Amino acid sequence: MKQEAKLFKIYNKLLDYFGPQHWWPADSPFEVMVGAILTQSTNWGNVEKAIANLKRVKVLTPEKIVESREQSVERWIKPSGYFRQKARKLRAFAKFFLREYGGRLRAMRCEGVQTLREKLLAVHGIGPETADSILLYALNKPNFVVDAYTRRIGQRLGLFDFEDYHQIKEYFENNLPKRVRLYNEYHALLVALGKNFCRPRPLCQNCPLNGLGRCKKN
DNA sequence: ATCCGGAGCG
DNA sequence: CGCTCTGGAT
């Protein structure tokens with residue numbers, strides 16, 4: 001079967017089973033970017049607590065993050081884990097955002113996607129997944145996000161056998177129409193499947209993708 | 001290959 | 001308790 005047809009079949013089954021995921025839950029693009037950093041290897045529920053703290057003390061702006069003592073930021077984001085690392089990362093990103101774009105989304109959106117992605121990757125604490133999450137969910141660029149779930153699910157389904165981030169990203173982008181809405185929902189649905197069924201130890205019994213073909217389960 | 005880390009779950 | 005969580009830096 002054609003790769004694109006396969007990908008849409010998966011997408012439709014997931015959407016049918018889980019429904020729209022409404023990503024990214026946030027009041028502002030800056031909140032999305034902060035969340036993208038805080039959620040690295042971390043349960044989203046813990047990130048929500050950290051963001052709630054940042055809102056409570058009213059520091060959810062690049063200016064306030066930079067002004068605040070790092071030790072304070074550590075305390076506020078503690079629920080999201082890796083709090084010392086992430087406090088550094090938030091500061092680095094806030095400084096970058098202010099220095100390069102004056103803290104303005106409009107200015108950031110004007111940058112070409114490719115150069116913007118490279119500039120993001122140069123910021124301490126921002127790797128491929130975080131950069132792509134920011135591009136897709138904060139800036140609405142048609143940029144497919146790859147994560148551990150995407151990799152695991154794709155391999156188990158036999159969609160691809162490579163491991164490299166960029167190869168997987170290109171696999172999806174080359175076999176799907178370049179649409180923001182589609183990329184947004186697709187990644188969110190893969191996360192839903194990865195959390196609920198295609199876990200490190202898979203729960204294949206009631207997997208919504210049963211019947212699509214053979215699944216390797218590693 | 002190791003480290004960073006609190007929180008929630010069974 | 002052990003496992004897992006929308007990774008990235010060293």
Side-chain angles (χ1 to χ4, degrees), chain A residues 10-11 14-15 18-26 29-54 70-96 117-141 143-156 163-169 172 180 182-205 217-218:
Chain A
I10 293 169
Y11 178 76
L14 293 176
L15 186 58
F18 291 107
Q21 299 297 296
H22 307 293
W23 276 31
W24 188 294
F30 184 70
E31 184 178 330
V32 174
M33 301 193 279
V34 168
I37 291 172
L38 293 184
T39 198
Q40 289 170 2
S41 199
T42 298
N43 184 297
W44 178 252
N46 292 343
V47 177
E48 287 183 313
K49 292 172 189 167
I51 289 181
N53 286 339
L54 295 176
E70 195 149 307
Q71 194 175 338
S72 302
V73 178
E74 290 177 3
R75 183 157 31 84
W76 295 323
I77 68 173
K78 188 162 301 196
S80 69
Y82 305 125
F83 53 90
R84 292 189 187 87
Q85 313 289 329
K86 286 176 179 174
R88 279 185 61 206
K89 295 179 180 184
L90 285 185
R91 174 176 300 277
F93 173 72
K95 288 177 78 170
F96 161 79
R117 188 172 192 277
E118 287 172 13
K119 289 170 88 168
L120 284 170
L121 288 175
V123 178
H124 173 83
I126 299 186
E129 181 184 342
T130 306
D132 287 330
S133 291
I134 289 173
L135 289 170
L136 177 61
Y137 291 106
L139 303 177
N140 293 314
K141 304 290 187 183
N143 210 270
F144 203 89
V145 179
V146 175
D147 67 348
Y149 293 130
T150 315
R151 193 174 277 114
R152 190 164 70 218
I153 293 168
Q155 287 175 349
R156 284 178 178 169
E163 190 73 30
D164 177 66
Y165 184 96
H166 197 253
Q167 281 189 64
I168 298 176
K169 175 181 165 68
F172 282 96
V180 175
L182 178 63
Y183 287 7
N184 177 318
E185 198 62 48
Y186 212 130
H187 175 68
L189 287 169
L190 288 177
V191 171
L193 182 70
K195 288 174 66 168
N196 295 292
F197 295 97
C198 209
R199 303 169 63 85
R201 305 182 184 189
L203 308 173
C204 300
Q205 302 299 58
K217 312 166 189 170
N218 276 344

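Every chain is numbered from 1 and lettered A, B, ... according to where its sequence line falls, protein lines coming before strand lines. Please read these numbers as outputs of a predicted model, since none were measured by experiment.
- Ring orientation note: the planes of A:Trp24 and A:Trp44 are nearly perpendicular, at an angle over 60° on the 30°/60° scale.
- The aromatic rings of A:Phe30 and A:Phe93 lie parallel to each other, with less than 30° between the two planes, well short of the 60° mark.
- In this pair, A:Trp23 lays its aromatic ring flat on the base of C:dT6, centres within 5.5 Å and planes under 30 degrees apart.
- Residue A:Thr150 is out of contact with every strand shown, counting any heavy-atom pair closer than 4.0 Å.
- Nucleotides of DNA chain B lying under 4.0 Å from heavy atoms of chain A occupy a range whose first and last members, 5' to 3', are B:dC4 to B:dG8.
- With respect to A:Arg88 and A:Glu70, no salt bridge is recorded, no charged nitrogen being found less than 4.0 Å from a carboxylate O.
- Contact check, A:Arg199 against C:dC5: no side-chain N or O comes under 4.0 Å of OP1 or OP2.
- Whole-Å rounding puts the A:Phe18 CZ to C:dT6 C1' distance at 14 Å.
- Closest-nucleotide positions on DNA chain B for A:Thr42 and A:Lys49 were compared, and the one nearer the 5' end corresponds to A:Thr42.
- Between A:Lys89 and A:Tyr82 there is no side-chain heavy-atom pair separated by less than 4.5 Å.
- Contact check of residues 119-134 of chain A against DNA chain C (heavy atom, cut-off under 4.0 Å) returns A:Val123, A:His124, A:Gly125, A:Ile126, A:Gly127, A:Pro128, A:Glu129, A:Thr130.
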Name each donor-acceptor pair under 3.5 Å that joins a side chain in residues 124-135 of chain A to protein atoms two or more places apart or in another chain, with its distance.
{"from": "A:Thr130", "atom 1": "OG1", "to": "A:Gln40", "atom 2": "NE2", "distance (Å)": "2.9"}
{"from": "A:Asp132", "atom 1": "OD1", "to": "A:Arg117", "atom 2": "NE", "distance (Å)": "2.8"}
{"from": "A:Asp132", "atom 1": "OD1", "to": "A:Lys169", "atom 2": "NZ", "distance (Å)": "3.4"}
{"from": "A:Asp132", "atom 1": "OD2", "to": "A:Arg117", "atom 2": "NH2", "distance (Å)": "3.0"}
{"from": "A:Asp132", "atom 1": "OD2", "to": "A:Tyr165", "atom 2": "OH", "distance (Å)": "2.6"}
{"from": "A:Ser133", "atom 1": "OG", "to": "A:Glu129", "atom 2": "O", "distance (Å)": "3.0"}

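- A gap of 14 Å separates the C1' atoms of B:dC4 and C:dC5, to the nearest Å.
- Distance noted for atom P between B:dG10 and C:dT6: 15 Å (whole Å).
- Residue A:His187 contributes atom NE2, which lies 5 Å from atom C1' of C:dT6 at whole-angstrom precision.
- Taking atom C1' on both C:dT4 and B:dG5, the two are 13 Å apart, rounded to the nearest angstrom.
- Here the CD1-OH distance, from A:Ile10 to A:Tyr186, works out to 4.5 Å after rounding to the nearest 0.5 Å.
- Residue A:Tyr149 places at least one side-chain N or O closer than 4.0 Å to OP1 or OP2 of C:dC5.
- The NZ-C1' distance, from A:Lys169 to C:dT6, rounds to 16 Å in whole Å.
- Contact check, A:Arg151 against C:dT6: no side-chain N or O comes under 4.0 Å of OP1 or OP2.
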